[in-house]
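Below is one structure, written out as structure tokens; comments come after it.
Chain identifiers are assigned alphabetically (A, B, ...) following the order of the sequence lines, protein sequences preceding nucleic acid strands; residue numbering begins at 1 within each chain. Everything quoted here is computed from the prediction, not taken from an experiment. Reckoned from all heavy atoms, side chains included, excluding hydrogens, waters and symmetry mates.
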Amino acid sequence: MTIAVIDYGMGNLHSVAKALEHVTHEHVVITRDPRRIQGATRLVLPGQGAIRDCMGELEKTELRGLVQELLAKQSKPLLGICVGQQMLLDHSEESGGIPCLGFLAGEVKRFPTDMVDDREQRLKVPHMGWNLVYQHHAHPLWNGIDQNEHFYFVHSYYVAASEDACVFGTTRYGRVDAHVAIGRDATFAVQFHPEKSSRAGLRLLENFVTWSP
Amino acid sequence: MGLAKRIIPCLDVDAGRVVKGVNFIGIRDAGDPVEIAQRYNLQGADEITFLDITASHEDRDTTVEMVERIAGEVFIPLTVGGGIRTCDDIRTMLNAGADKVSINTAAVNNPDFVREAAERFGSQCIVVAIDAKRVSAEGESPRWEIFTHGGRRPTGLDAVEWAKKMVAYGAGELLLTSMDRDGTKAGFDLGVTRAISDAVTVPVIASGGVGNLDHLVEGVLEGGADAVLAASIFHFSEYTIPEAKRYMAERGIEMRLSQGQGE
């Protein structure tokens, strides 16, 4: 029983590994070894920074093919986090347009910079901090988590999925309803950082490590 | 309902101990950072900032160990600042479990360091700390300058221009401290907070001078801050974090009122 955090060179994977270790006795490894990834019982696909770099590194480490194969098979649970969520879509408009993994239909878009709050204060981009997540559809990963619970976000781009059935959570920022939790079959992916979202985030990770889709 | 304003308790740490008057008796050796971080997390702090004021190089290992211990227990964002001068320093802190690093003097000495750090690690983990002091005379239009060395050394840099430059170089967030107000308990310098918050697109954390809960409210409503940082009002237990959050929420500010991890 091993949970593999896929390390393709983008971002700080220690936080997510530590948070997983906090909620499970299963073995957590940070790895880019295809055999270990294939042998794991569960996978976490993180991602940080620019999606162009993330897709580029996935290509360079020769993990893209494997990740795509695993997504096609859906034989074990996979949790995407942040850019790891965004990469599951068809396409991102970041850096002039980047084709992504195409597991779910939809696009990754930039927050408009002209948004204001109800006090007419300009909304900052990145969307950074704690915001409410509305559970759009029920899902085992929401077990024990309140409707409209706060989760921690840091991002300038957001997911707009095409199929409503794939959208499990939304978050309102300005006039945008971002699709912050999406999924299909054994895959679930979130824009927020469960590993930094205190009690609710740890609960989501705990739900993931016990999930049998 | 939407994005909450954040309350960030700050731990000033020297050689592995929180030093900024955590109890009434001793100024030095006032508490274990891990215990204090856990306490704030239980109270529902939105983030924790760990400021390493350690002077000697040997104590750096202690700091790394502290960051590792906090990051293994406290699952909210953790920013580490103090003595971050190279990309290796950043990597060490991120590997220890920090989510963001705060760069201060090194940015003034070499602005390109901020650019390099943002390219290498992503803007989301680069906070630039700005220590500003008012330099305009009474009656003049207000102007603030960047100071280093705890407010003793002027740099000639205009604070608002500097803030814009740092964001252009890739800072993902700004930690703004008023050197005139720091330690005074007279409230934030709302003028510079508002000027910088209006001038940049990234979140601004207001710091320096918090003495009561109205100061936190003003920082957000008048200063336009996205987050407020305070040390002594929480360390001395003058106010708890839930009390501060309720107070701010009652004044119409969006806050995350749910409790932390341990509830």
Query raised in the report: Are the side chain of Arg172(A) and the backbone of Gly2(B) linked by a donor-acceptor contact shorter than 3.5 Å?
Result: no
Requested in this report: Could you grab the distance from atom CD of Glu119(B) to atom CG of Asp53(A), nearest 0.5 Å is fine?
Outcome: 9.5 Å
Report summary line: Applying a strict 4.5 Å limit to non-hydrogen atoms, the region of Ala98(B) in contact with chain A is backbone
Requested in this report: Would you check if Met128(A) and Lys100(B) make a side-chain contact, meaning some heavy-atom pair closer than 4.5 Å?
Outcome: yes
**Report entry** Part of Val154(A) lying under 4.5 Å from any heavy atom of chain B
**Finding:** side chain
**Report entry** Gln121(A), part contacting chain B, at a heavy-atom distance under 4.5 Å
**Finding:** side chain
Report task. Could you look at Glu68(B) and say if it's the side chain, the backbone, both or neither that has a heavy atom under 4.5 Å from chain A? Result -> both
**Report entry** Ala96(B), part contacting chain A, at a heavy-atom distance under 4.5 Å
**Finding:** backbone
Query raised in the report: Ala19(A), Ser15(A), Ala200(A): which one forms the most heavy-atom pairs within less than 4.5 Å of chain B?
Result: Ala19(A)
Report summary line: Looking only at Gly97(B), Pro203(B), Gly122(B), Pro77(B), most heavy-atom pairs under 4.5 Å shared with chain A are made by Pro77(B)
Query raised in the report: Heavy-atom count around Lys109(A) NZ within 6.0 Å, excluding the residue itself: above 12?
Result: no
**Report entry** Atom pair CZ/OH of Arg6(B) and Tyr152(A) - distance to nearest 0.5 Å
**Finding:** 5.0 Å
Query raised in the report: Given that the side chain runs from C-beta out, which part of Asn95(B) has a heavy atom under 4.5 Å from chain A: side chain, backbone, both or neither?
Result: both
Report summary line: Per side chain to side chain contact (heavy atoms under 4.5 Å, CB included), Leu3(B) is matched among Asp117(A), Leu123(A), Asn131(A), Thr171(A) by Asn131(A)
**Report entry** Reported OG1-to-CZ distance for the pair Thr201(B) and Phe111(A), which is rounded to 0.5 angstrom
**Finding:** 14.0 Å
Report task. Rounded to the nearest 0.5 Å, what's the gap from NE2 on His22(A) to CD on Glu73(B)? Could you check? Result -> 6.5 Å
Query raised in the report: Heavy-atom distance under 4.5 Å to chain A: side chain of Ser123(B), backbone, both or neither?
Result: neither
**Report entry** Residue Glu222(B) excluded, over 12 heavy atoms near CD under 6.0 Å
**Finding:** yes
Query raised in the report: Is it the backbone or the side chain of Val167(B) that comes under 4.5 Å from a heavy atom of chain A, or both, or neither?
Result: neither
Report summary line: Nearest heavy-atom contact between His150(A) and Ala4(B) is NE2-CB, 4.1 Å
Query - Proximal component of Asp46(B), with respect to chain A [non-hydrogen, under 4.5 Å] - result: both
Query raised in the report: Do other residues, nucleotides or ligands put more than 12 heavy atoms under 6.0 Å from the CZ atom of Arg36(A)?
Result: no
**Report entry** Reported CZ-to-OG distance for the pair Arg122(A) and Ser197(B), which is rounded to 0.5 angstrom
**Finding:** 7.5 Å
Requested in this report: Answer whether the closest heavy-atom distance between the side chains of Asp226(B) and Lys124(A) falls below 4.5 Å.
Outcome: yes
Query - Close side-chain approach of Phe121(B) to Gln48(A), heavy-atom, < 4.5 Å - result: no
Query raised in the report: If you count the non-hydrogen atoms of other residues, nucleotides and ligands that lie under 6.0 Å from CZ in Arg85(B), is the total more than 12?
Result: no
Query raised in the report: How far does CG of Asp99(B) sit from NE2 of His14(A), to the nearest 0.5 angstrom?
Result: 11.5 Å
Query - Heavy-atom contact with chain B under 4.5 Å, split by part of Glu21(A) - result: neither
